[in-house]
Amino acid sequence: MKHCKICVIFTGGTIGSSSDNKTVDLDGGSSALLINKYKTVCGGAVTFEEHYPVSILSENIQTADIEKMADSVRNIDVSSCDGIIVTHGTDTLCFTANYFAQIFADISVPLVLVSALYPLDDERSNGLDNFAAAVTFIEKEAIKGVFVSFRNPGEHCKIHLASRLTEADQLSGKFHSIGDVHFGEVSDGKFVYNDQSGNPAVDELKNNAPAPFVGGWPCNDIVVIRARALLDFSFYRFGELKPKAVIIQLYHSGTVCTSGWDTNFLTFLDYCRSCNIETILAPVDSDANVYAGMLGMEEKCIFAYDMSFEMTIVKVMLALGSGRPIRALLDENRFFEKV
């Protein structure tokens with residue numbers, strides 16, 4: 001078997017932590033523990049090159065941390081390795097995955113993010129399984145692009161397109177791809193492609209050739225509002241400090257309340273327009289029926305079509321950071337984020 005070299009970028013998170021009396025905190029020895037556990041359990045002709053740009057619990061991530069992680073990937077000579085693994089906390093895994101799927105869509109080797117629901121010293125941890133599956137995927141498939149390796153309890157380890165990963169389920173921490181269509185899974189040391197409608201074929205990934213991403217770091221001058229019953233939009237008023245964009249997470253049917261006064265999104269939309277604040281609605285299915293209350297809405301705001309809400313946030317932040325039109329970036333399909 002060909003010798004495989006993988007660069008591992010450790011960034012902290014639960015997979016880089018230990019537990020003490022039900023308290024989880026960073027542990028500098030966890031990276032060595034992960035590598036040693038892999039070698040003990042899996043063996044194999046794999047060499048790991050280790051990098052340590054940051055060590056944080058991912059809920060505390062800052063723009064500077066994202067910059068260091070991205071720079072660590074950029075500084076790797078991909079011609080001298082077979083793939084890259086980034087360890088990451090679960091709380092903000094989805095954001096970083098979608099972000100990397102945009103800025104590294106043109107990467108020529110597999111870039112796989114892995115994490116864990118519990119520290120490695122907890123018998124419930126899926127950290128080793130996620131890491132081992134990422135190694136298998138890199139070693140045996142060599143499919144370029146950005147992915148996430150994650151095993152939900154009671155399942156085989158799934159390989160997700162990073163551009164389609166959605167936020168973890170509440171309380172359980174399970175991860176899914178948008179539409180619940182993952183790219184494939186690792187079982188018995190083999191990668192099995194998920195031949196399901198809507199999933200890009202392996203050859204599509206191999207032939208994907210987006211241009212390198214050009215732009216600045218993500219700008220977080222945004223407000224995110226989730227549609228819910230009896231949501232009072234009148235509480236959202238901006239004084240001297242106002243966002244550059246407001247993103248509304250719609251109901252599953254692509255709707256938001258357009259009745260009443262304080263609960264009426266149309267009133268809030270007019271307010272945003274008077275403040276020169278871009279307003280983006282997501283997610284929107286371009287093939288779905290349009291409910292009456294949403295007719296004519298696209299003339300006043302921007303619709304994010306056929307992608308996850310999480311990817312919408314990333315694209316809006318990247319557009320604002322790079323000075324590009326939001327609509328233009330939302331319309332692009334760099335790494336199969338459009339479903």
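Basis for what follows: all heavy atoms, side chains included, without hydrogens, waters or symmetry-related copies. In this text, all values refer to a predicted model and were calculated from it rather than measured experimentally.
Under 4.0 Å is where a charged nitrogen must lie from a carboxylate oxygen, and between Lys190 and Asp188 no such pair does. Between Asp82 and Lys5 there is no salt bridge, since no side-chain N of the basic residue sits under 4.0 Å from a carboxylate O of the acidic one. Using a cut-off of 4.0 Å between Lys/Arg side-chain N and Asp/Glu carboxylate O, Asp71 and Lys68 are scored as not salt-bridged.
Atom CG of Asn289 is surrounded by 12 or fewer heavy atoms from other residues, nucleotides or ligands within 6.0 Å.
Counting only N and O atoms by type, the side chains of Thr96 and His88 include a donor and acceptor under 3.5 Å apart. Counted by atom type alone, Asp121 and Ser19 present one or more donor-acceptor pairs between their side chains at under 3.5 Å. Checked by atom type, the side-chain pair Gln102/Glu337 shows a donor-acceptor distance below 3.5 Å. Residues Thr23 and Asn21 have side chains that never bring a donor and an acceptor to within less than 3.5 angstrom of each other.
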Taking it one step at a time, do Asp306 and Ser286 satisfy side chain to side chain donor-acceptor pair (under 3.5 Å)? CA-CA 6 Å; Asp306 303 326; Ser286 61; 2.7 Å; yes
What do the steps show when you test Ser177 against His160 for side chain to side chain donor-acceptor pair (under 3.5 Å), and what is the final call? CA-CA 6 Å; Ser177 291; His160 303 271; 2.7 Å; yes
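For Asn333, the side-chain hydrogen bond (donor to acceptor under 3.5 Å, both in side chains) test picks out no residue, with sequence neighbours left out. Among residues two or more places apart in sequence or in another chain, the salt bridge (Lys or Arg N to Asp or Glu O under 4.0 Å) test is passed with Glu298 by none.
Considering every non-hydrogen atom in both Cys219 and Leu320, the closest pair reads CB-CB, 3.7 Å. Considering all non-hydrogen atoms of both residues, Ala133 and Cys157 come closest at CB-SG, 3.4 Å. Ala134 and Val112 make their closest contact through CB-CG1, 3.6 Å (heavy atoms, listed as atom of the first residue, atom of the second, distance). Of all heavy-atom pairs spanning Thr87 and Phe10, the tightest one is OG1-CA, 3.2 Å.
Between Phe104 and Phe213, a ring centre-to-centre spacing not shorter than 6.0 Å is recorded.
Screening residues 260-274 for side chain to side chain donor-acceptor pair (under 3.5 Å) gives no qualifying pairs among residues at least two apart or on separate chains.
Here the rule is salt bridge (charged side-chain N to carboxylate O under 4.0 Å, His left out) with Glu332, and of Arg324, Arg327, Lys315 only Arg324 fits it. Exactly one residue among Phe175, Phe131, Phe137 makes a ring pair (Phe, Tyr, Trp, His ring centres under 6.0 Å) with Phe150. That residue is Phe175.
Here the side chain of Arg164 pairs no donor or acceptor atom with the backbone of Met311 at under 3.5 angstrom. With hydrogens and angles ignored, the 3.5 Å screen pairs a side-chain donor or acceptor of Asn126 with a backbone N or O of Leu117.
In this pair, Phe183 and Tyr193 present their aromatic rings perpendicular. The plane angle is above 60°, beyond the 30 to 60° band.
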